2 protein chains.
Amino acid sequence: MEKLNNIIFYNIDHSIRLYRMYAQKKLREHGFKITIDQWLVIKCILENPTITQHELSELVFKDNASVTRIIDLLIKANYLEKEINPDDRRKFILQVTKSGEEIIKNVQEIILQNRNKALKGIDAKELEIADAVLRKIITNCK
Amino acid sequence: MEKLNNIIFYNIDHSIRLYRMYAQKKLREHGFKITIDQWLVIKCILENPTITQHELSELVFKDNASVTRIIDLLIKANYLEKEINPDDRRKFILQVTKSGEEIIKNVQEIILQNRNKALKGIDAKELEIADAVLRKIITNCK
DNA sequence: TTAAAATAATTGATATATCAATTAAGTTTT
DNA sequence: AAAACTTAATTGATATATCAATTATTTTAA
């Protein structure tokens, strides 16, 4: 047990790093000019149209500063627009552009392929257990 | 199954992020001026005294550029020294200083506490399964 | 209802991640 | 031995992570 204790975080780190690199490489190979993090942010806005940047940061496990900068880049890339929320002028309304919607739609198939590739040969029950372990770690670290 | 597929990477990402934040916070609270990544690099050099930067980068899943910069900071912090390897002048010999050895020794107890806290209440068999799943993902993404 | 507290977002500073290009030193080929 | 190739490390550019400090706005409390 002691040895595995030492190594589980190492493997968590390694697996997510490799998956992200793999996913990013596939996006690049298909000519998509977007990062995994940017993709995730647009995806969350599409699914939660009234979300604030602060709520967004909690949803994607990034801090406010990171979200601000990712959004800046998304606006520069013309995937996103923002305007002050008249109901609370501290907040912004985030609006995915046509171009933003399009790239998400086009990228979707590759994302699914990436997941299938990464999870190939893994038993559903084992995956469920792994997920439960991860959720437990999340709870413990909060 | 499909839904879990969608969420497992989300939880992998979330768990390692929270664990790193927790671990970093604990180090800071105890007054240690070192990052988790820097700690890992020193640890690897101590355990592999003849390791090159390139080998190091493979061991800690970082690329050469990141390792170069982490080593620069470790040298600045006086935890590490490096000198050209006379047998192959492209390489460096990495030497942990007394101060570097000391901080690793002093930090050890906190690292163990962090791991115990993060893994509390997780069954050994389930942990083993989770680890196997992660290793499988690693293999699949290579 | 004004002062204090809380919230949302930004900015600055520093660390790390990633890719591409470059430099320097070794190795292989012809 | 010189040219071509390979390897090790660095550097530059850009993206993200994290903390602390700041600004603007809203809410709460005195």
Side-chain angles (χ1 to χ4, degrees), chain A residues 13-14 16-29 32-42 50-77 79-80 82-94, chain B residues 13-14 16-29 32-42 50-77 79-80 82-94:
Chain A
D13 193 47
H14 195 180
I16 195 66
R17 254 183 233 271
L18 275 182
Y19 176 68
R20 289 174 70 93
M21 280 176 67
Y22 180 78
Q24 189 66 62
K25 188 175 137 226
K26 284 294 163 191
L27 288 183
R28 202 172 43 244
E29 278 176 8
F32 292 113
K33 293 234 180 317
I34 192 170
T35 68
I36 299 291
D37 293 293
Q38 292 169 4
W39 170 82
L40 183 59
V41 165
I42 301 179
T50 65
I51 201 168
T52 65
Q53 293 182 201
H54 179 69
E55 289 162 347
L56 195 51
S57 70
E58 288 177 348
L59 206 54
V60 298
F61 322 130
K62 298 174 189 300
D63 77 351
N64 292 339
S66 296
V67 167
T68 292
R69 280 153 189 155
I70 290 172
I71 283 176
D72 283 349
L73 290 174
L74 287 174
I75 289 171
K76 230 179 254 169
Y79 293 146
L80 196 65
K82 78 180 192 184
E83 49 178 300
I84 293 175
N85 184 334
D87 294 339
D88 182 341
R89 298 176 47 76
R90 292 170 303 182
K91 301 179 183 174
F92 289 93
I93 292 168
L94 302 169
Chain B
D13 193 46
H14 195 179
I16 196 65
R17 255 183 232 271
L18 276 182
Y19 176 68
R20 290 174 70 93
M21 280 177 66
Y22 180 79
Q24 189 67 62
K25 188 174 138 228
K26 283 295 163 191
L27 288 183
R28 201 171 45 244
E29 278 175 9
F32 292 113
K33 293 233 182 318
I34 192 169
T35 69
I36 299 290
D37 293 293
Q38 291 169 4
W39 170 81
L40 183 59
V41 165
I42 301 180
T50 65
I51 201 170
T52 64
Q53 292 183 202
H54 179 68
E55 289 162 347
L56 196 50
S57 71
E58 289 177 348
L59 206 54
V60 299
F61 322 129
K62 297 175 189 302
D63 79 350
N64 293 339
S66 296
V67 167
T68 291
R69 279 152 191 157
I70 290 173
I71 282 176
D72 283 349
L73 290 173
L74 287 174
I75 289 170
K76 231 179 252 169
Y79 293 145
L80 197 65
K82 77 180 193 185
E83 49 178 301
I84 293 175
N85 184 334
D87 293 339
D88 184 340
R89 298 176 49 77
R90 291 170 304 181
K91 301 179 183 174
F92 289 93
I93 293 168
L94 302 169

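Quick caveat, the model's predicted, so the values are computed rather than measured. Below, read A as the first sequence line, B as the second, and so on, with proteins coming before strands; counting in each chain starts at 1.
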Rounded to whole Å, how long is the line connecting atom CG of N85(A) with atom C1' of dT7(C)? 14 Å

Between Q24(B) and P86(A), the residue closer to the 5' end of DNA chain D by nearest nucleotide is Q24(B)

Could I get a table of every N or O pair under 3.5 Å where one atom is in the protein and the other is in nucleotides 2-6 of chain D?
none

Take the protein atom CG of D88(A) and the nucleotide atom C1' of dT27(D), then report the distance between them rounded to whole Å. 10 Å

Atom NZ of K25(B) and atom P of dT18(D) are separated, to the nearest Å, by 14 Å

Heavy-atom contacts, protein to nucleotides 10-17 of chain C, under 4.0 Å, summarised as B (base), S (sugar-phosphate only) or - (none) per nt, yield BBBB-SSB

Can you check whether L74(A)'s main-chain N or O pairs, donor with acceptor, with Q38(A)'s side chain at less than 3.5 Å? no

Which atoms form the tightest heavy-atom contact between P86(B) and R89(B), and what is the distance? O-CG, 4.3 Å

Nearest heavy atoms of K33(B) and Y79(B), plus distance in Å: O-OH, 3.4 Å

Can you list the residues that meet the side-chain contact (heavy atoms from CB on, under 4.5 Å) rule with E29(B), with sequence neighbours excluded? K25(B), K26(B)

Compare every heavy atom of L27(A) with every heavy atom of I34(A), then report the nearest pair and how far apart it is. O-CD1, 3.9 Å

To the closest 0.5 Å, what do you measure between CG (L59(A)) and CD (E55(A))? 9.0 Å

Specify the separation, in whole Å, of atom CD of E55(B) and atom P of dT7(D). 13 Å

Ignoring hydrogens and geometry, is there a side-chain-to-backbone donor-acceptor pair from Q53(B) to N64(B) under 3.5 Å? no

Just to confirm, is there a sub-4.0 Å distance from OP1 or OP2 of dC19(C) to any side-chain nitrogen or oxygen of R28(A)? yes

R20(B) and I36(B) have their tightest heavy-atom pair at O-CG1, 4.2 Å

Can you check the L59(A) CG to dA8(C) P distance for me, whole Å? 15 Å

If I take atom CG in residue L27(B) and atom C1' in nucleotide dT18(D), what distance separates them, rounded to the nearest angstrom? 14 Å

Which atom names give the shortest non-hydrogen contact between I51(A) and L94(A), and what distance separates them? O-CD1, 4.0 Å

